[in-house]
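Predicted model, so just to flag it, every value in this text is computed and none were measured.
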Amino acid sequence: MNFGGVNENVVTRDEFPLEKAREVLKNETIAVIGYGVQGPGQALNLKDNGFNVIVGQRKGGKTWEKAVADGWVPGETLFDIDEACERGTIIQYLLSDAAQIEVWPRVKKALTPGKALYFSHGFGITYKERTGIIPPKDVDVIMVAPKGSGTSLRRMFLQGRGLNSSYAIFQDATGKAYNRVIALGIGVGSGYLFETDFKREVYSDLTGERGTLMGAIQGILLAQYEVLRENGHTPSEAFNETVEELTQSLMPLFAENGMDWMYANCSTTAQRGALDWMGKFYDATKPVFEHLYQEVASGNEAQRSIDTNSKPNYREGLEKELKALRESEMWQAGAVVRKLRPENN
């Protein structure tokens with residue numbers, strides 16, 4: 001398929017329908033290891049699409065109870081991690097990056113010849129010298145990476161829509177890796193699948209999360225909000241002009257038909273200002289993105305993540321930082337604005 005003059009390998013649901021995916025995986029047991037961010041959406045979508053799915057999770061924790069609440073039955077479709085890995089012919093390794101490092105010796109024991117090891121992120125394999133995740137040579141190593149959270153994947157599936165995903169094959173030991181990975185991509189609810197490799201996936205993913213998807217967008221929103229507040233605008237006005245109009249009005253237009261279409265549906269004053277100022281923001285931020293990408297490519301960003309997330313109290317520290325974000329004036333104003341939306345009254 002041609003994207004702006006560049007040809008890419010893309011697989012659609014018309015080319016590889018759900019019925020074909022079911023046929024490819026009819027004799028497989030898909031063991032979803034981890035029930036945190038990606039696990040619930042992928043596991044439930046696979047189950048609803050008619051695949052043989054089990055879940056592996058630590059017994060007794062919150063995520064074990066969440067899996068039970070979602071309908072997974074202990075001893076039938078819900079097992080501890082070791083037993084699920086033994087039972088699975090395809091092991092979907094969907095723990096956090098830090099947990100993957102910790103649990104890897106237990107998963108590796110279960111990777112008998114012919115099985116498939118599936119990831120939704122290239123981190124563990126790309127930085128294998130740092131993570132220690134080095135799969136045996138006689139298993140398939142594949143990836144389907146939905147371009148969004150597991151919550152979005154599940155929500156869009158229930159709406160009859162698909163979330164686009166990338167796919168990659170790191171190791172094809174059986175000769176079946178391609179059919180396996182595409183069938184799994186269709187099974188988890190992908191809209192379409194585009195080809196990548198493990199390194200490109202993790203480089204783009206880490207850059208995106210720290211950039212326009214999360215880190216950069218929060219920084220830019222906060223900067224504009226603070227400038228408006230410092231110049232006498234109320235929290236409500238500052239939040240509406242900074243966040244609410246962006247997310248509720250403009251981004252849906254952007255998503256529907258692209259940036260040019262969004263511009264065309266704004267006033268000429270807005271168009272003129274956007275065209276005049278986008279170059280200044282480009283010049284200001286391009287060096288930051290270049291530095292970010294270099295830090296990702298060098299492995300420095302991965303090592304920071306490993307070091308931080310491997311600390312015994314990392315969750316407490318993370319929650320403290322998230323609490324400060326949640327309780328900042330901008331997001332406190334946002335909580336009030338969201339309650340005032342018509343659909344909430």
Side-chain angles (χ1 to χ4, degrees), residues 28-104 106-107 110 117-121 123-124 143-163 165 184-185 187-190 205 209 213-214 305 308-323 325-326 335 338:
E28 305 267 22
T29 297
I30 303 165
V32 176
I33 308 303
Y35 209 73
V37 177
Q38 280 290 335
Q42 294 201 32
L44 290 168
N45 289 359
L46 283 163
K47 183 176 76 168
D48 288 353
N49 271 333
F51 296 89
N52 182 25
V53 189
I54 60 175
V55 170
Q57 185 56 40
R58 295 180 184 88
K59 284 186 177 178
K62 289 182 180 179
T63 47
W64 177 275
E65 296 306 319
K66 175 173 168 48
V68 171
D70 283 348
W72 304 98
V73 181
E76 294 181 17
T77 56
L78 177 61
F79 304 91
D80 66 28
I81 290 173
D82 291 351
E83 186 170 357
C85 287
E86 290 292 334
R87 288 172 175 264
T89 59
I90 296 171
I91 297 175
Q92 290 195 316
Y93 206 22
L94 301 182
L95 294 167
S96 69
D97 295 326
Q100 283 186 14
I101 297 170
E102 178 190 344
V103 176
W104 173 244
R106 298 161 62 187
V107 174
L117 178 63
Y118 166 113
F119 294 86
S120 283
H121 189 25
F123 191 100
M143 176 175 62
V144 173
K147 297 298 105 182
S149 71
T151 301
S152 299
L153 182 74
R154 181 62 176 166
R155 184 178 294 157
M156 292 174 73
F157 176 85
L158 293 173
Q159 294 170 347
R161 302 161 61 204
L163 181 64
S165 303
L184 288 161
V188 300
S190 302
D205 189 76
E209 288 169 348
L213 301 179
M214 296 173 70
S305 180
T308 302
N309 295 341
S310 297
K311 292 177 181 176
N313 63 341
Y314 89 95
R315 287 189 183 277
E316 290 85 348
L318 184 64
E319 178 53 35
K320 186 176 179 181
E321 290 182 83
L322 291 173
K323 184 173 183 286
L325 185 65
R326 184 168 58 249
R338 285 189 291 276

Nearest 0.5 Å, what's the [atom1]-[atom2] distance between [X] and [Y]?
X      : Y      : atom1 : atom2 : answer
Gln92  : Leu117 : CD    : CG    : 10.0 Å
Asn313 : Leu318 : CG    : CG    : 11.0 Å
Asp80  : Glu86  : CG    : CD    : 10.0 Å
Ile30  : Ile90  : CD1   : CD1   : 5.0 Å
Trp72  : Leu44  : CH2   : CG    : 5.5 Å
Glu319 : Glu316 : CD    : CD    : 9.5 Å

Side chain of [X], backbone of [Y]: donor and acceptor closer than 3.5 Å?
X      : Y      : result
Tyr35  : Ala43  : no
Thr29  : Thr89  : no
Ser190 : Gly185 : yes

>> Evaluate Leu94 against Tyr118 for side chain to side chain contact (heavy atoms under 4.5 Å, CB included), listing each step before the verdict.
In response: CA-CA 8 Å; Leu94 301 182; Tyr118 166 113; 4.1 Å; yes

> Which word best sums up how the rings of Trp104 and Tyr93 line up, parallel for under 30°, tilted for 30 to 60°, or perpendicular for over 60°?
Replying inline: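 Trp104 and Tyr93: tilted rings.
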
> Do Ser120 and Gln38 have a side chain donor and acceptor closer than 3.5 Å?
Replying inline: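 Not at all, the side chains of Ser120 and Gln38 share no donor-acceptor pair under 3.5 Å.
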
Are any of the side-chain heavy atoms of [X] and [Y] separated by less than 4.5 Å?
X     : Y      : result
Val68 : Pro74  : yes
Asp48 : Arg154 : yes
Asn49 : Phe157 : yes
Arg58 : Ile81  : yes
Leu95 : Ile33  : yes

Search all heavy atoms of [X] against all heavy atoms of [Y] and return the closest pair with its distance.
X     : Y      : value
Lys66 : Pro40  : CE-CG, 3.8 Å
Gly88 : Ala31  : CA-CB, 3.9 Å
Asn45 : Gly189 : ND2-CA, 4.5 Å

>> Applying salt bridge (charged side-chain N to carboxylate O under 4.0 Å, His left out), can you list everything that pairs with Lys147, at least two apart in sequence or on another chain?
In response: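 Expected list: Glu201.
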
> Stepwise, does the side chain to side chain contact (heavy atoms under 4.5 Å, CB included) test hold for Leu78 with Trp64?
Replying inline: CA-CA 8 Å; Leu78 177 61; Trp64 177 275; 3.7 Å; yes

>> For a side chain to side chain contact (heavy atoms under 4.5 Å, CB included) check, start with the C-alpha distance between Asp97 and Asn309, then their side-chain angles and the critical distance, and finish with the verdict.
In response: CA-CA 9 Å; Asp97 295 326; Asn309 295 341; 6.0 Å; no

